[in-house]
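Contents: one structure, followed by commentary.
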Amino acid sequence: GIFVLQCLLSFRKDVLDDFLGHFVVATEVFKVWILLLQSVSVLCQIAEVGVYEYALGYNLTHLGPLKNKIEFRNVSFKYDNHWVLKDINLTIEKGKTIALVGQSGSGKSTLVDLIPRYHDVQEGEVLIDGVNVKDTTLFDLRCMMGNVNQEAILFNDTFFNNISFGVENATMEQVMEAAKIANAHDFIMASENGYDTMIGDRGGKLSGGQRQRISIARAILKNPPILILDEATSALDTESERMVQDALEKLMKNRTTIA
């Protein structure tokens with residue numbers, strides 16, 4: 001270590017500065033390259049699922065807007081050898097709100113994750129309008145749903161792009177209207193560049209309540225018939241929770257909600 005330090009000190013300051021500058025740039029390029037590879041990997045996995053679904057000749061059913069109900073029929077699920085859910089029967093009628101109550105680790109999140117097929121049941125079936133969720137494409141299935149989770153999924157991009165993520169050809173007017181309903185418009189406009197302000201990696205420049213309201217604005221813009229809320233306010237302070245809860249109540253109107 002001392003030898004390296006002596007070598008560095010022997011360089012002229014301008015040469016050393018130039019070296020360190022190039023090193024910092026190279027480091028940042030490497031970080032971007034890693035993120036790009038991770039994104040490409042995820043996209044390839046998504047595309048691969050869709051290709052397999054059609055290429056294998058499955059008799060898939062197209063799912064449109066929710067017409068009647070979501071049904072859990074004799075559903076059981078386990079992690080390794082531990083059964084988390086056993087013989088669950090539950091019917092959620094269109095337009096109703098269902099609250100799942102239980103202690104931590106009782107399987108609430110696992111149950112709702114079975115609807116968009118983040119996990120697949122080991123026994124029984126999950127049905128939407130009588131169609132087994134395994135008998136439709138993941139694209140059709142997840143287009144019907146909006147998620148607001150305890151940890152908001154945000155990207156190092158602008159407010160506009162984070163809210164409009166997943167909605168093709170969204171206009172500024174539509175994004176602003178969604179943000180207003182989600183109680184997010186005011187703090188967005190108070191930022192340096194409004195809707196063009198970068199929010200940092202995972203929304204790191206925002207408070208917890210602000211991140212949740214951006215996530216809610218995204219769900220409002222998507223306008224899904226099915227809404228899944230997974231402890232959306234559990235990690236917030238009292239004031240943030242009040243603002244987020246008000247936004248959630250607006251979002252839940254006329255939707256089938258599992259919370």
Side-chain angles (χ1 to χ4, degrees), residues 39 42-43 45-46 49 63-66 69-70 72 75 77 84-85 90 92 94-102 104 107-121 126-128 133-134 136-155 157 159 161-168 170 174-175 178-179 181-184 199 202-203 206 208-236 240-241 243-259:
S39 300
V42 171
L43 290 173
Q45 290 175 22
I46 294 171
V49 169
L63 275 180
L66 181 66
K69 62 185 177 181
I70 303 168
F72 292 79
V75 166
F77 179 84
V84 180
L85 305 170
L90 174 65
I92 306 169
K94 178 184 177 181
K96 300 294 184 180
T97 296
I98 299 295
L100 303 176
V101 180
S104 179
K108 301 186 299 296
S109 295
T110 300
L111 184 67
V112 296
D113 283 349
L114 297 176
I115 304 175
R117 290 188 63 194
Y118 297 143
H119 306 297
D120 276 334
V121 300
V126 180
L127 305 144
I128 296 180
V133 294
K134 294 181 181 180
T136 187
T137 66
L138 287 177
F139 179 81
D140 276 357
L141 182 64
R142 294 175 183 175
C143 276
M144 300 177 68
M145 301 173 194
N147 289 70
V148 182
N149 302 320
Q150 179 178 351
E151 183 66 30
I153 301 174
L154 301 176
F155 311 99
D157 208 331
F159 280 116
N161 287 337
N162 270 279
I163 294 174
S164 63
F165 180 77
V167 179
E168 293 185 7
Q174 291 170 328
V175 169
I181 296 172
N183 296 330
I199 67 172
R202 298 182 182 180
L206 308 177
Q210 289 173 336
R211 287 195 294 270
Q212 287 297 67
R213 280 178 274 166
I214 295 301
S215 183
I216 293 168
R218 179 192 295 162
I220 291 170
L221 183 63
K222 185 179 181 182
N223 195 27
I226 300 170
L227 180 63
I228 298 173
L229 307 178
D230 190 1
E231 301 187 49
T233 63
S234 63
L236 304 179
S240 296
E241 182 176 2
M243 296 290 289
V244 170
Q245 190 61 48
D246 180 64
L248 286 173
E249 289 173 2
K250 296 174 184 175
L251 174 60
M252 291 164 60
K253 286 182 178 179
N254 303 316
R255 300 182 203 279
T256 305
T257 304
I258 305 100

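Side chains included, hydrogens not; waters and symmetry mates left out as well; all remaining heavy atoms used. Note that the numbering runs from 1 along the sequence shown for the chain. Everything numeric in this text was worked out from a predicted model, so none of it was measured.
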Q. How many angstroms lie between atom CD1 of I226 and atom CD1 of I228, to the nearest 0.5 angstrom?
A. 7.0 Å
Q: For F165, check ring-ring contact (aromatic ring centres under 6.0 Å, His included) against everything at least two apart and list the hits.
A: F155
Q: Please examine the side chains of L85 and L111, heavy atoms only from C-beta on, and report whether any two atoms are closer than 4.5 Å.
A: yes
Q. Short question: side chain of R213, backbone of N183 - any donor-acceptor pair under 3.5 Å?
A. yes
Q: Indicate the atoms forming the closest heavy-atom contact of I216 with A182, along with that distance.
A: CG2-CB, 4.0 Å
(Q) Applying salt bridge (Lys or Arg N to Asp or Glu O under 4.0 Å) as the test, list every pair that has at least one member in residues 243-253; sequence neighbours left out. (A) D246-K250
Q) If every non-hydrogen atom of D120 is compared with every non-hydrogen atom of L114, which pair is closest and at what distance? A) C-CD2, 4.1 Å
Q: Check whether any side-chain heavy atom of S164 lies under 4.5 Å from a side-chain heavy atom of L221, and answer yes or no.
A: yes
Q.
Restricting to ring-ring contact (aromatic ring centres under 6.0 Å, His included), what partner residues turn up for F72, sequence neighbours left out?
A. none
Q) Can you list the steps and then say if L206 with F159 is a side-chain contact (heavy atoms from CB on, under 4.5 Å)? A) CA-CA 11 Å; L206 308 177; F159 280 116; 3.7 Å; yes
Q | By side chain to side chain donor-acceptor pair (under 3.5 Å) - contacts of T257 (at least two apart) | A | none
**Q.** Worked check of side-chain contact (heavy atoms from CB on, under 4.5 Å) between I70 and I258
**A.** CA-CA 10 Å; I70 303 168; I258 305 100; 4.2 Å; yes
**Q.** side-chain contact (heavy atoms from CB on, under 4.5 Å) evaluation trace for I214 with L154
**A.** CA-CA 8 Å; I214 295 301; L154 301 176; 3.8 Å; yes
(Q) Testing the basics here: between I128 and L63, what is the closest heavy-atom pair and its distance to 0.1 Å? (A) O-CD2, 3.9 Å
Please tabulate, one pair per line, all N/O donor-acceptor pairs under 3.5 Å involving side-chain atoms of residues 142-149, not counting sequence neighbours.
| from | atom 1 | to | atom 2 | distance (Å) |
| --- | --- | --- | --- | --- |
| R142 | NE | P116 | O | 2.8 |
| R142 | NH2 | P116 | O | 3.1 |
| R142 | NH2 | R117 | O | 3.2 |

Q: Measure the spacing between CD1 of I163 and CD of Q174 and express it to the nearest 0.5 Å.
A: 12.0 Å
Q | side-chain contact (heavy atoms from CB on, under 4.5 Å) partners of K96, counting only residues at least two apart | A | E93
Q.
Please determine whether side-chain contact (heavy atoms from CB on, under 4.5 Å) holds for the pair L227 and T256, giving the CA-CA distance in whole Å, both sets of side-chain angles, and the decisive distance to 0.1 Å.
A. CA-CA 6 Å; L227 180 63; T256 305; over 6 Å; no
Q.
Could you check whether any side-chain heavy atom of M252 comes within less than 4.5 Å of a side-chain heavy atom of L229, counting everything from C-beta outward?
A. yes
Q) Does a side-chain heavy-atom distance below 4.5 Å link D157 with I199? A) no
Q.
Within this structure, what is the NZ-CG distance for the pair K94 and N254, rounded to the nearest 0.5 Å?
A. 10.0 Å
Q.
Less than 4.5 Å apart, side chain to side chain, heavy atoms only: is that true for R255 and P224?
A. yes
Q. Does any non-hydrogen side-chain atom of K69 lie less than 4.5 Å from one of I92?
A. no
Q.
Looking at every non-hydrogen atom in both residues, tell me the closest pair between A217 and A178 and how far apart they are.
A. O-CB, 3.5 Å
Q) So does I153 have more than 12 non-hydrogen atoms from other groups sitting under 6.0 Å from CD1? A) no
